[in-house]
Number of protein chains: 2
Amino acid sequence: MSARAQGSKKRTRIQVQNEQRIMDAALEVFSTYGYRGSTVDQIAQRAGLSKPNLLYYYAKKQDIYVAVLEHTLSDWLQPLTKLDPEGEPAEQLWNYIECKLELSRSAPKASRLFANEMLHGAHNIEPYLRGELKSLVEEKCGVIQVWIDAGKLKPIAPVHLLFMIWATTQHYADFDAQIKALCQDKREECFGKASTTLKTIFLDGLLP
Amino acid sequence: MSARAQGSKKRTRIQVQNEQRIMDAALEVFSTYGYRGSTVDQIAQRAGLSKPNLLYYYAKKQDIYVAVLEHTLSDWLQPLTKLDPEGEPAEQLWNYIECKLELSRSAPKASRLFANEMLHGAHNIEPYLRGELKSLVEEKCGVIQVWIDAGKLKPIAPVHLLFMIWATTQHYADFDAQIKALCQDKREECFGKASTTLKTIFLDGLLP
DNA sequence: TCAGTTTCTGACCTTTCGGTCAAAATAAAA
DNA sequence: TTTTATTTTGACCGAAAGGTCAGAAACTGA
């Protein structure tokens, strides 16, 4: 019987270890080459397993892909949950932006994995988009709207503010190749300048 | 002799027509499925040609890909060239932002094609990135820096401002799936709200 | 009309890749 | 130790995909 088909049964030590290895390898490979560009052999090799052995844990290529997507989705969601309605808008939003930028720096592969999935229609995470993510976004847009109504923020469309934050921060992971080509700064310095520029523009705007 | 190998020789009517068809089909297919996810057969079918016939015009799959990339690169570059040092910064930048947003609306496939290429390391457009694009970006960053030095803009890192503009505008093409899932507005309304939100945040900032 | 060129096609080749399977090897339980 | 369950492997399969090629068809210019 294949390892994953066992369902609720307790997981073996070996099972846990190998599944972790597979997830790591899959994130590496899928984020670099995309779904179709990645081969099961590649992932198996990176995980230190033979192909049939890998297929013993995840019966199909797509199963690996969906697993690694789900595996990283929760990390992606978390920062937004921390947006606190009680806090000061400027501080709360800046916290969130910084946190997302830091994620782009520390976990660019996860970012690229999602970006790739989005780019190709997001068919494998539709339920997540229209479920978990959507309700969280609606909740937090409510919070932002309250801040606007209280006169603490300019009147903008909350969801588009979120889009802007996502776009600007994830850009540093997703378009890394372009940034490397255009920005001669070292990584740390580049992210530093990005951070201060984002802060100025989001909070103060460009005009003096 | 294959059509493309003829080099400088004058192009036939049929050649021009079929190459155009191929470029259209290739943009459609590559932008939807990515490089590895697309098949030569698919492109041929969409172009209304048989596979060997398509391969008569472009000998290899990668040749088609590079051709369609180059074909759309110039359109992508153009808006930035119009950034006028003589004009008012706010107006010039807003023009540029609007123009890029409009491109995301009217040519989302081109945007997704680039995004995909970037995401996977941009190996096919490296020379473009480090050549044409880089020198244009340096020139325009110079312009922005002059505006800053003249006290007409807040002191931000010019290149990161460009990154922000690219990120926020292209997001609406590249992450279309996510936007469709989270934004119940009709397309036109969505882009309208995006536009006003971008204007407020870039020019005025979030805080009242 | 006819020779020469360009365009197009069907059949075919080769490689890659996702996936299967029977059986061997290893670990765990009794 | 013996039995049972889990894990691993090599050999293999079929489908898909990139690419080739000889020659047929269509177009072009004289």
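Lettering follows sequence order; numbering is per chain, from 1. These values consider heavy atoms only, across backbone and side chains, with no hydrogens, waters or symmetry-generated copies. Being a predicted model, the structure only gives us computed values, none of them experimental.
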Nearest-Å distance, [atom1] ([X]) to [atom2] ([N])?
X	N	atom1	atom2	result
A/L55	D/dC13	CG	C1'	14 Å
A/Y56	D/dG10	OH	P	17 Å
B/K60	C/dT15	NZ	C1'	15 Å
B/Q45	D/dA17	CD	C1'	14 Å
A/Q62	C/dC17	CD	P	18 Å
A/K61	C/dT20	NZ	P	15 Å
B/Y35	D/dA17	OH	C1'	12 Å
A/E19	D/dT6	CD	P	14 Å

Whether [X] contacts [N] is assessed here as follows: a side-chain N or O lying under 4.0 Å from the phosphate OP1 or OP2. Is that the case?
X	N	answer
A/T12	D/dT7	yes
B/Y57	C/dT6	no
B/R13	D/dC27	no
B/R11	C/dT6	no
A/N18	D/dT8	yes
A/Q15	D/dT7	yes
B/N53	C/dG10	no
B/S50	C/dC8	no

B/I125 side, atom CD1; B/L133 side, atom CG - distance, nearest 0.5 Å: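 Rounded to the nearest 0.5 Å, the CD1-CG separation comes out at 8.5 Å.
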For [X] and [Y], take the angle between the two ring planes, folded into 0 to 90°, and tell me which bin it lands in: parallel under 30, tilted 30 to 60, perpendicular over 60.
X	Y	result
A/Y65	A/Y35	tilted
A/H171	A/F175	parallel
B/F191	B/Y172	tilted

Electrostatic pair A/E98-A/K199, nearest N-O below 4.0 angstrom: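 No, A/E98 and A/K199 are not salt-bridged.
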Along DNA chain D (nearest heavy atom to each residue), the more 5'-positioned of B/P52 and A/P52: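 Result of the comparison: A/P52.
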Closest-nucleotide ordering on DNA chain D, the 5'-leading residue of B/I14 and B/K51: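 Upstream on the strand: B/K51.
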Nearest-nucleotide comparison on DNA chain C, the residue closer to the 5′ end among B/G48 and A/D41: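 Here B/G48 is the residue nearer the 5' end.
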